[in-house]
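Have a look at the structure below, then the notes.
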Amino acid sequence: MMKGGHAKKLLFTNILCILLLQWLDLSLVISTKVPAIIVFGDSSVDAGNNNFISTVARSNFQPYGRDFMGGKPTGRFSNGRIATDFISEAFGIKPYIPAYLDPSYNISQFSTGVSFASAATGYDNATSDVLSVIPLWKQLEYYKEYQKKLGGYLGDKKAKDTITKSLHIISLGTNDFLENYYTIPGRASQYTPSQYQNFLAGIAENFIHKLYGLGAKKISLGGLPPMGCLPLERTTNFADGNDCVSNYNNIALEFNDKLNKLTTKLKKDLPEIKLVFSNPYDILFRIVKKPGQFGFQVTSMACCATGMFEMGYACSRASFFSCVDASRYVFWDSFHPTEKTNGIVANYLVKNALAQFLH
């Protein structure tokens with residue numbers, strides 16, 4: 001007869017083997033269903049492309065990236081990983097998605113995920129002109145170039161199959177309003193806020209049509225966050241005691257509604273598309289309003305520098321004011337979430353919008 005201790009050990013080993021086989025099977029299913037994640041957008045998903053262009057919209061210096069693997073500033077506008085990194089990991093692909101313009105990566109690494117995003121860009125070309133960053137049309141040109149490289153690496157048939165099965169994530173729009181429409185004369189004299197939203201939604205629609213024409217079938221269209229709750233906006237909201245700016249939040253809600261309706265329309269127009277609207281607004285608003293439920297203590301100010309208005313180079317210059325523990329803060333700088341917030345938002349989006357791509 002088998003002794004009790006040995007039997008328990010054998011049982012435990014068998015359970016471990018079963019769990020491992022299940023995990024391997026799940027990973028295999030995920031990797032075949034979604035072999036890569038391909039990203040377009042702004043600083044919410046820029047993994048460091050702006051490091052390699054001439055612009056002040058950068059974050060490839062301390063204290064950015066202090067909690068990233070190895071404490072390295074990569075050009076991500078956070079203390080660590082951004083939402084798309086967490087999404088990639090949740091899909092069983094890899095723990096972070098590299099920037100396309102980063103020469104330290106090659107097509108082998110890009111074949112399982114790549115970001116074309118550029119901080120400070122928007123749907124509107126006039127937005128990308130403000131800080132001389134990569135406009136959306138240029139990100140699409142890089143994507144075409146990437147497809148050619150992928151064909152050379154995998155062979156045309158497998159490359160085409162990879163593109164069809166890959167998840168394409170689009171995340172931008174905040175800068176169109178806060179950096180452009182409400183800041184610089186021009187668009188506000190041409191359009192009412194509602195007309196400008198329609199103008200941007202039209203660009204989004206055209207962009208998705210172009211992606212679809214290039215073989216993309218699985219697409220996530222991202223919504224806007226509660227823009228009025230960003231520390232930069234709260235700092236200057238003296239009239240309401242530094243509370244969230246309701247006008248900006250309302251604009252985000254209106255635009256998100258238009259993007260959601262656009263998603264419904266495109267699913268009818270494009271027969272093979274699998275398109276979802278990924279809306280970060282509700283989860284971020286809940287975090288800001290009830291931070292304790294998510295383990296946060298500070299919402300109105302950011303961790304970096306004084307936490308009131310700094311981002312980018314200003315964050316670096318005043319970094320000695322920065323907080324010690326970023327995990328207590330919802331926001332890393334005056335415009336961007338901490339790694340902890342990014343992880344919570346990514347987890348919410350995977351469960352509530354992106355999970356269908358895993359089935």
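No hydrogens, no waters, no symmetry mates; every other heavy atom, side chains included, goes into these values.
Using a cut-off of 4.0 Å between Lys/Arg side-chain N and Asp/Glu carboxylate O, Asp243 and Lys289 are scored as salt-bridged. Remark: Glu141 engages Lys144 in a salt bridge, criterion side-chain N to carboxylate O under 4.0 Å. The residues Glu254 and Lys258 are annotated as not salt-bridged, no charged nitrogen and carboxylate oxygen being separated by less than 4.0 angstrom.
Sorted by first and then second residue, the disulfide (SG to SG under 2.5 Å) pairs involving residues 279-312 (not counting sequence neighbours) are Cys303-Cys323, Cys304-Cys315. Under the disulfide (SG to SG under 2.5 Å) criterion, no residue pair touches residues 45-97, with sequence neighbours excluded. Evaluation of the disulfide (SG to SG under 2.5 Å) test over residues 144-228, restricted to residues two or more places apart or in two chains, returns none.
Close placement of the Tyr96 and Phe68 rings is indicated, their centers lying within 6.0 Å of each other. Tyr153 has its ring centre no less than 6.0 Å from the ring centre of Phe110.
In this view, Lys261 and Asp257 satisfy the salt bridge (charged side-chain N to carboxylate O under 4.0 Å, His left out) rule, not counting sequence neighbours. For Ser132, there are no side-chain contact (heavy atoms from CB on, under 4.5 Å) partners, not counting sequence neighbours. Remark: Arg187 engages Asp124 in a salt bridge (charged side-chain N to carboxylate O under 4.0 Å, His left out) (not counting sequence neighbours).
Screening Leu221, Val276, Ile219 for a side chain to side chain contact (heavy atoms under 4.5 Å, CB included) with Thr263, the sole residue that qualifies is Leu221.
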